[in-house]
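What follows is a short report on a single structure.
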Amino acid sequence: MKDTVQALPVADAAVLDVPDRLPALGNATPEFFGPDADFDGIATLAAGFVSAPVSIVSLFADQDQCFLARLGTSEIRAPLKGSFNASLMAHGGDALLVPDAGADPRFSDIETLGGAPDLLSYAGAPIMIDGRPVGSVVVGDVAARPDWPEDLLQRLEQLASLAASLIKLKEETRRRTLAAEAISRDEKRHALALDAANVASWLWDISTGLISGNDTFYRMFGVQPARPLSARKFFMTVHGADRKLAIGRLRRALASGKEYDGLFRTAKSGRWLLGRGRVHERDANGKPTVFLGINVDVTDAQIATDRTRLLLRELNHRVKNTLAMLQSLARQTLRQTSDPAAFMDAFAGRLQSLSEAHGLLSDHEWGVIRLKMLLEKQITPYAIDFDQQVEIHKDEVQLGPDQAVGLGLVLHELATNARKYGAFSVPSGKVVITARVVAEEGQGVLNMTWHEMGGPPVAPASRRGFGSVLIERSLDKILGSSVHVEYLPQGVTAVIRLPL
């Protein structure tokens, strides 16, 4: 409804009361609360309809009216309460025409349109968005204008509708810009996270056959960075031994729609990569059009897994050998004594010798151990004072598992006998160990001697037993090895030959 306020009864003045909080554009942002050149044309058109000296396009914000465009005033913001625009709002949101405010007592308290010169005439139409008045398009004059054109309010309503459309367009643009910025921030954060985690991400456009990815992707596969590559070229970056299996799994994922999961090596570096991916988009017929995948370098984990498998196989082999050796040790020890206590003492010592050798090998992941470590482990428990009673002259020697276990038993038997009957049975006794490596037919051979001195005189006939047999047979599993023991009066001497 359009209303021309010319002779309204004074009793209707209550209609013009303004509520404490006026409707405002709920999603309006600060950029709307100031001059905006995009609205200047609307203000100019409004003023041109009636040659009005004042024309304003305003937006309501709480208790204020913010001028998006204005002619005839320099203000950009003014209180809403007590203004003509407040009367417009209180009038139900309909267009309002006041030819002469001075002739109407209801407008006697209105001094200005809000920063504009004192006006006697006013014409305005509300800017409606979603059924709510959020602003206005108005014209005014400092003089009374009883000759306002009859179609003025209609024209102002049209301009107000145009202003509403422009506001909504700007708001939608703002929302899209914010959404795009949020997406951009998320994408940057996602890219940074992938890069920090060393994760390669890639996208396969099946329709074009091209694959593109992040910097980590190109670096990980060793291809030219920042350039899409064909699927065929991409598959060639997979190690030849793993390519067929990887392609097969990828094809099954495309056909079934299930997630791709594969482990393969790269052709260029040989590093192990874990691949995951799935169909990201399909066409109207359900045919895959985009495939999204990631890769993670798991080389270290794969090496650790392979090492664990090798260690488990080695451990299984060692356990079988050890059980067989224990059975032989038990039988031979039992044959040498019928006394349970003596059996347990002898057998426990040999078990301890095996345990020490196995412990050293386990600490070194069943690789190689140094001869010096084996000597200290096997001899120290039986010497009264290791540093004073043991003299070692040796080359740097690395022993494998079979060599360490066999030589460990030999050293245990020699040290045990020395403790019971020989050099380690008295504080003045001494053992001199010489270990040298010589080359024989291109292979290293350890020649080691054990020579006791300073102990009780040796009686050969009384010393021969299972210990002596064990000394001479502990290295039988190693081809080319030998142990020769001589019971010289001044002390036991053992000569050991051990191919490395």
*Compare every heavy atom of A123 with every heavy atom of L152, then report the nearest pair and how far apart it is.*
CD2-CB, 3.6 Å
*What pairs with D261 under salt bridge (Lys or Arg N to Asp or Glu O under 4.0 Å), at least two apart in sequence or on another chain?*
R276
*asked:* Nearest 0.5 Å, please: how far is CG in L371 from CD1 in I392?
replied: 7.5 Å
*Distance-only, no hydrogens or angles: does the D36 side chain make a donor-acceptor pair with backbone N or O of D38 under 3.5 Å?*
yes
*Would a 4.5 Å heavy-atom cut-off, applied to side chains only, mark F84 and L96 as touching?*
no
*Output the distance between atom CD (Q158) and atom CD1 (I42), rounded to the nearest 0.5 Å.*
12.0 Å
*Would E75 and R70 count as a side-chain contact (heavy atoms from CB on, under 4.5 Å) if you check the C-alpha gap in whole Å, the side-chain angles of each, and the deciding distance to 0.1 Å?*
CA-CA 8 Å; E75 299 293 333; R70 75 269 194 226; over 6 Å; no
_According to side chain to side chain donor-acceptor pair (under 3.5 Å), who are the partners of D40, at least two apart in sequence or on a separate chain?_
none
*Answer yes or no: is there a side-chain heavy-atom contact under 4.5 Å between L399 and L498?*
yes
_Tell me every residue that passes side chain to side chain donor-acceptor pair (under 3.5 Å) with S269, counting only those two or more places apart in sequence or in another chain._
T266
_Applying side-chain contact (heavy atoms from CB on, under 4.5 Å) to T216 and R219, what does each step give before you reach the verdict?_
CA-CA 5 Å; T216 305; R219 183 175 64 253; 3.3 Å; yes
_Please check if the number of heavy atoms outside D130 that lie under 6.0 Å from its CG is greater than 12._
no
*asked:* Between Q65 (side chain only) and G135 (backbone N and O only), is there a donor and an acceptor less than 3.5 Å apart?
replied: no
_Which atom of L71 lies closest to which atom of A47, heavy atoms considered_ = CD1-CB, 3.9 Å
*Side chains of I433 and K394 in contact at under 4.5 Å (non-hydrogen atoms)*: no
*Of all the heavy-atom pairs spanning P126 and L88, show the shortest one and how long it is.*
N-CD2, 4.1 Å
*Just wondering, do P149 and V50 contact through their side chains at under 4.5 Å, heavy atoms?*
yes
_Under-4.0 Å salt bridge between E172 and R176_ = yes
*Quick one: are V57 and I127 in side-chain contact, heavy atoms under 4.5 Å?*
yes
*Using side-chain contact (heavy atoms from CB on, under 4.5 Å) as the criterion, list what pairs up with P53, not counting sequence neighbours.*
D141
*Pair listing, side-chain hydrogen bond (donor to acceptor under 3.5 Å, both in side chains) test, anchored in residues 228-252, at least two apart*: D242-R265
*Who passes side-chain contact (heavy atoms from CB on, under 4.5 Å) against T380, sequence neighbours left out?*
E376, F386
*Applying side-chain hydrogen bond (donor to acceptor under 3.5 Å, both in side chains), which residue pairs with at least one partner in residues 281-298 are found, sequence neighbours left out?*
W202-N295, R271-D297, D297-T299
*Stepwise, does the side-chain contact (heavy atoms from CB on, under 4.5 Å) test hold for F60 with S136?*
CA-CA 8 Å; F60 304 149; S136 66; 4.1 Å; yes
_Does any part of the side chain of W148, heavy atoms only, come nearer than 4.5 Å to the side chain of L153, both counted from C-beta?_
no
*Would you find a donor on one side and an acceptor on the other, under 3.5 Å apart, between the side chain of Q403 and the backbone of P499?*
yes
*Taking Q154 for the side chain and D151 for the main chain, is one N or O donor matched with an acceptor at less than 3.5 Å?*
no
_I'd like to check F39 versus I167 (side-chain heavy atoms, cut-off strictly below 4.5 Å). Are they in contact?_
yes
_My understanding is that only residues two or more places apart in sequence, or in another chain, count here; which of them pass side-chain contact (heavy atoms from CB on, under 4.5 Å) with A231?_
W204, I211, F235
*Listed by chain and number, what are the side chain to side chain donor-acceptor pair (under 3.5 Å) partners of Q398, not counting sequence neighbours?*
none
_Any residue meeting side chain to side chain donor-acceptor pair (under 3.5 Å) with S161, in chain and number order, not counting sequence neighbours_ = none
*Quick one: closest heavy-atom pair of N85 and S58, and the distance?*
ND2-OG, 3.5 Å
*Sequence neighbours left out, what passes ring-ring contact (aromatic ring centres under 6.0 Å, His included) with Y260? Give chain and number order.*
none
_Close side-chain approach of P133 and M128, heavy atoms under 4.5 Å_ = yes
*asked:* On a heavy-atom basis, which atom in V137 and which in A46 lie closest, and how many Å separate them?
replied: CG1-CB, 4.1 Å
*Who passes side-chain contact (heavy atoms from CB on, under 4.5 Å) against Q302, sequence neighbours left out?*
L263, W272, D306, R309
*What is the minimum heavy-atom distance between A144 and L120, and which atoms define it?*
N-CB, 3.9 Å
*When you look at N198 and V296, which way does the side-chain contact (heavy atoms from CB on, under 4.5 Å) test go after all the steps?*
CA-CA 7 Å; N198 197 32; V296 180; over 6 Å; no
_Cationic N near anionic O, under 4.0 Å, K168 to E171_ = no
_I'd like to know if the side chain of D205 reaches the main chain of S207, judged simply by a donor and an acceptor atom lying under 3.5 Å from each other, with no hydrogens or angles considered._
yes
*With no hydrogens and no angle check, is any side-chain donor or acceptor of S121 less than 3.5 Å from a backbone partner on A143?*
yes
